[in-house]
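Residues take their numbers from the sequence shown, with the count starting at 1. Scope of the values below: all heavy atoms of this structure, side chains included, with no hydrogens, waters or symmetry mates.
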Amino acid sequence: MADLNAVICLGEALVDRLGPPGGNPGCDRPVDDRLGGAPANVACGLARLGTAVAFVGRVGGDAIGAEFQRLFVQRGVDISTLQEDPLRPTRIVLVRRSQDGERQFQGFAGDQGEGFADQALQPVALPAAAQWLLVGTIPLATAQSAQSLLEAVAQARSQAIPLALDVNWRPTFWDAAADPAAGPTEAACSAIRPLLEQAALIKLAREEALWFFADDDPRAISSGLPQQPDVVVTDGAAPVRWCIGGESGSQPALSPPQVVDTTGAGDAFTAGLLHRWFAPVAERLRFAAACGALVCGGAGGIDPQPTEAQVDTFLGGVS
């Protein structure tokens with residue numbers, strides 16, 4: 001990479017197949033296919049906000065993969081480390097939506113017998129300098145992508161690039177037959193724990209905090225880890241609680257003008273948080289909350305992502 005990327009996002013790029021509200025995306029129509037995947041969402045969100053960002057991932061040599069490449073180029077995401085798989089397709093995730101916009105992952109489509117491209121992520125050389133390496137836990141669910149993720153984390157550590165971890169627990173990726181609301185198994189906890197013990201920043205939902213730490217207090221989570229990381233705990237429409245730089249507090253959730261689909265709200269929050277990382281803590285959290293609110297106003301996790309000017313305008317009208 002010729003230029004410094006402030007953030008490197010590593011992980012899955014996939015399609016969220018949104019079913020009709022209240023319907024089943026596996027059989028009910030119409031469905032709404034949206035490009036997604038948490039790391040891809042964050043990368044696109046950061047780029048739209050104006051932060052230099054690179055995406056490390058693997059897509060299929062198919063129409064969806066080509067669409068991702070066009071999207072990344074359009075947004076200005078560095079794709080010099082994007083891999084194309086000649087055998088495996090880009091993953092399609094079936095997303096069930098309730099009438100009020102809440103979503104649940106219920107399975108996959110597109111597998112032709114070899115698995116999905118994101119599962120076959122190959123090792124990659126990270127750039128020599130960046131402000132963050134952002135990862136989630138989904139690559140840990142498959143041996144090849146897990147190895148590549150852990151090698152990237154080791155590279156980042158050797159290059160003094162801080163690790164940001166969005167826990168993003170999704171049981172369906174670990175076991176397609178799992179209850180979408182199930183917590184992590186013992187094996188999954190063992191696989192994820194090393195990332196929790198290396199991250200400088202951990203963002204997780206309240207239920208994830210309870211599953212992995214039996215506590216949803218960010219200060220307690222931070223003090224219980226050897227590196228005492230910054231911790232942010234989200235909780236849907238409830239206030240976001242945080243422990244950053246030894247300080248702790250909460251940020252009320254902001255109400256979007258309308259709720260069409262909550263897919264990608266947490267990823268927009270993460271993008272906003274990293275984009276404003278060097279601002280005062282309260283400003284960081286308020287800006288991130290606004291990003292999360294605004295993305296709920298459209299379908300999918302990428303198309304509705306706001307620009308920095310749109311976030312500032314929204315915040316100017318919030319008391």
Side-chain angles (χ1 to χ4, degrees), residues 7 9 11-23 25 30-51 53 55 57 64 67-77 90 92-105 134 136 166 168 170 203 205 234 236-237 240 251-276 284-318:
V7 181
C9 296
E12 65 280 2
L14 45 78
V15 162
D16 290 318
R17 177 160 291 170
L18 309 174
V31 293
D32 186 4
D33 284 356
R34 298 283 173 164
L35 301 183
N41 289 347
V42 175
C44 288
L46 282 164
R48 178 158 275 181
L49 291 169
T51 289
V53 58
F55 180 75
I64 298 172
E67 192 174 352
F68 263 115
Q69 295 191 48
R70 286 193 296 271
L71 170 68
F72 288 142
V73 170
Q74 180 184 37
R75 284 287 178 96
V77 175
T90 310
I92 297 172
V93 183
L94 303 177
V95 183
R96 184 185 290 269
R97 287 189 291 175
S98 65
Q99 293 290 351
D100 61 2
E102 290 298 322
R103 81 280 187 268
Q104 188 176 69
F105 301 106
L134 172 78
D166 180 358
N168 196 33
R170 297 288 183 264
K203 178 252 182 186
T234 61
V240 174
Q251 164 62 50
L254 302 178
S255 298
Q258 62 175 339
V259 176
V260 173
D261 174 22
T262 61
T263 300
D267 302 326
F269 176 96
T270 301
L273 183 64
L274 295 180
H275 176 69
R276 283 284 177 93
R284 280 180 239 174
L285 273 296
R286 192 165 183 264
F287 186 90
C291 291
L294 288 173
V295 87
C296 295
I302 292 177
D303 286 348
Q305 290 172 334
T307 64
E308 184 172 51
Q310 288 170 330
V311 178
D312 289 337
T313 297
F314 173 70
L315 287 173
V318 176

Using the rule given for side-chain contact (heavy atoms from CB on, under 4.5 Å), can you reason through L71 versus Q74, listing the C-alpha separation, both sets of side-chain angles and the distance that settles it, and then say yes or no?
CA-CA 5 Å; L71 170 68; Q74 180 184 37; 4.3 Å; yes
Exercise: identify the closest heavy-atom pair between [X] and [Y]:
X	Y	result
V311	A290	CG1-CB, 3.6 Å
V53	A43	CG1-O, 3.4 Å
D16	G37	OD2-N, 4.3 Å
F287	G272	CD2-O, 3.6 Å
P256	A293	CB-O, 3.0 Å
F68	A40	CE2-CB, 4.2 Å

Steps toward side-chain contact (heavy atoms from CB on, under 4.5 Å) verdict (N168, D267)
CA-CA 10 Å; N168 196 33; D267 302 326; 5.5 Å; no
Enter the distance from [X]:[atom1] to [Y]:[atom2] here, rounded to the nearest 0.5 Å.
X	Y	atom1	atom2	value
L294	Q258	CG	CD	11.0 Å
T51	L274	OG1	CG	8.0 Å
T90	E67	OG1	CD	10.0 Å
K203	T234	NZ	OG1	5.0 Å
D33	L18	CG	CG	7.5 Å
D166	F269	CG	CZ	10.0 Å

Using atom types as modelled and distance alone, determine if a side-chain donor or acceptor of [X] lies under 3.5 Å from a backbone N or O of [Y].
X	Y	value
R48	D303	yes
Q305	N41	yes
R17	I92	no

Run E12 and V93 through side-chain contact (heavy atoms from CB on, under 4.5 Å) and show every step you take.
CA-CA 11 Å; E12 65 280 2; V93 183; over 6 Å; no
For residues L46 and T270, determine if any side-chain heavy atom of one lies less than 4.5 Å from a side-chain heavy atom of the other.
no
Beyond-backbone contact of R276 with E308, side-chain heavy atoms, under 4.5 angstrom:
yes
Just do the side-chain contact (heavy atoms from CB on, under 4.5 Å) check on C291 and L49 with the steps written out, would you?
CA-CA 10 Å; C291 291; L49 291 169; 4.2 Å; yes
